[in-house]
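Here the structure is a predicted model, which is why all the values come from computation and not from measurement.
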Amino acid sequence: MNKLSIIFLISILTLVISCNSKEKDHYKEVQYRAVKGKDTAVMALKISDKRFYGRYELSYYKIGKDSGDVRGDIKGDTLTGDIHYISNGGSWKRIPLALLKKENSLILGKGIAGTYMNLPCFIQGSLSYQNPDFIFEEIQK
């Protein structure tokens with residue numbers, strides 16, 4: 001190998017190593033549960049400073065359950081994203097998700113669902129955290 005090839009090889013290795021050494025997001029595992037009447041919703045989330053993802057399950061008393069995945073972004077005290085789930089063993093659905101963080105709980109937002117660039121979202125101005133269907137409380141391990 002000549003001197004130029006060695007310098008080129010070292011340059012490429014340095015570039016590859018530096019690209020792979022990005023600081024990884026550190027995710028914290030948190031579990032939440034909400035009860036409304038006899039229905040129970042559970043979310044097991046992995047949360048970083050900017051993103052979250054995890055599992056979601058809503059059990060309807062003596063009827064069935066919805067279960068699937070949640071994912072999204074975090075901006076301040078608001079978690080926005082979507083839920084991709086199977087409804088009562090039927091077909092897959094994807095709906096928008098908005099949660100407002102208050103201390104150790106998450107308040108589920110309600111609004112008019114729409115799509116933007118084929119992704120579910122709430123129509124601007126329709127999202128509200130008043131009279132929520134569920135308030136998720138953190139489950140202490």
Side-chain angles (χ1 to χ4, degrees), residues 1 3-141:
M1 267 195 196
K3 197 176 199 181
L4 188 58
S5 339
I6 292 173
I7 291 173
F8 179 74
L9 183 62
I10 290 173
S11 301
I12 294 296
L13 286 174
T14 304
L15 180 66
V16 168
I17 290 170
S18 67
C19 288
N20 287 332
S21 67
K22 287 182 183 176
E23 187 177 317
K24 304 268 187 216
D25 284 336
H26 295 285
Y27 286 89
K28 177 177 113 176
E29 292 185 35
V30 185
Q31 292 188 0
Y32 292 93
R33 178 177 41 225
V35 178
K36 182 176 182 184
K38 294 185 177 182
D39 299 337
T40 303
V42 177
M43 278 195 298
L45 300 179
K46 294 189 181 195
I47 301 174
S48 75
D49 292 336
K50 299 176 185 174
R51 306 246 334 125
F52 72 93
Y53 68 95
R55 296 285 301 157
Y56 164 84
E57 185 173 291
L58 172 57
S59 297
Y60 301 103
Y61 182 69
K62 291 188 176 182
I63 296 175
K65 69 179 179 178
D66 297 343
S67 60
D69 300 316
V70 295
R71 67 175 181 188
D73 299 319
I74 301 173
K75 291 182 182 154
D77 60 354
T78 307
L79 289 75
T80 56
D82 61 53
I83 304 171
H84 188 219
Y85 68 100
I86 289 184
S87 179
N88 272 328
S91 62
W92 282 95
K93 296 180 182 183
R94 188 178 300 271
I95 60 171
L97 171 70
L99 299 162
L100 180 64
K101 186 166 181 66
K102 290 219 174 179
E103 296 175 8
N104 290 335
S105 63
L106 298 173
I107 300 170
L108 181 63
K110 290 195 266 187
I112 300 170
T115 57
Y116 177 72
M117 294 179 65
N118 211 25
L119 294 173
C121 63
F122 290 108
I123 303 229
Q124 190 156 357
S126 72
L127 181 59
S128 171
Y129 296 99
Q130 303 297 322
N131 302 317
D133 287 337
F134 289 103
I135 299 176
F136 291 89
E137 301 292 333
E138 186 176 338
I139 300 171
Q140 300 298 326
K141 292 182 182 181

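For the pair Asp66 (side chain) and Asn88 (backbone), a donor-acceptor distance under 3.5 Å is present. Judged purely by atom type and a 3.5 angstrom limit, Arg71 has no side-chain atom pairing as donor or acceptor with the backbone of Gly54. Using modelled atom types, no side-chain atom of Lys75 and backbone atom of Thr80 make a donor-acceptor pair closer than 3.5 Å. A donor-acceptor pair is defined here as one N or O able to donate and one able to accept, closer than 3.5 Å; no such pair exists between the side chain of Asp77 and the backbone of Leu100. Of the possible polar contacts, none joining the Ser87 side chain to the Gly90 backbone as a donor-acceptor pair under 3.5 Å is found.
Interatomic distance, OG of Ser48 versus NE2 of His26, reported as 10.0 Å (0.5 Å rounding). Between the CG atom in Asp49 and the OH atom in Tyr27 there is a gap of 10.0 Å [rounded to 0.5 Å]. In this structure, CZ on Arg55 lies 12.0 Å from NZ on Lys46, to the nearest 0.5 angstrom. Here CD of Gln31 is found 14.5 Å from CD of Glu137. Values are rounded to the nearest 0.5 Å. Between the NZ atom of Lys110 and the CZ atom of Phe122 there is a distance of 10.5 Å, given to the nearest 0.5 Å. Interatomic distance, CG of Asp133 versus CG of Leu108, reported as 6.5 Å (0.5 Å rounding).
Ile83 approaches Tyr56 most closely through the heavy-atom pair CG2-CD2, 3.7 Å. The heavy-atom pair separating Cys121 from Thr115 by the smallest distance is SG-C, 4.0 Å. Residue Asn104 comes nearest to Tyr32 through the heavy atom pair O-CE2, 3.8 Å, listed as atom of the first residue, atom of the second, then distance. What you find for Tyr129 and Ala98 is that their closest heavy atoms are OH-CB, 3.6 Å.
Applying the ring-ring contact (aromatic ring centres under 6.0 Å, His included) test to Tyr60 and every residue at least two apart in sequence or in another chain returns nothing.
Side-chain atoms of Leu106 and Leu45, non-hydrogen and from C-beta on, do get closer than 4.5 Å to each other. Arg33 places a side-chain heavy atom less than 4.5 Å from the side chain of Thr40. The shortest distance between side-chain heavy atoms of Ile74 and Lys101 does not fall below 4.5 Å. With a 4.5 Å cut-off on side-chain heavy atoms, Phe134 and Leu58 count as touching. You'll find the side chain of Val30 stays beyond 4.5 Å of the side chain of Phe136, heavy atoms only.
Summarising the local packing, NZ of Lys65 is surrounded by 12 or fewer heavy atoms from other residues, nucleotides or ligands at distances under 6.0 Å.
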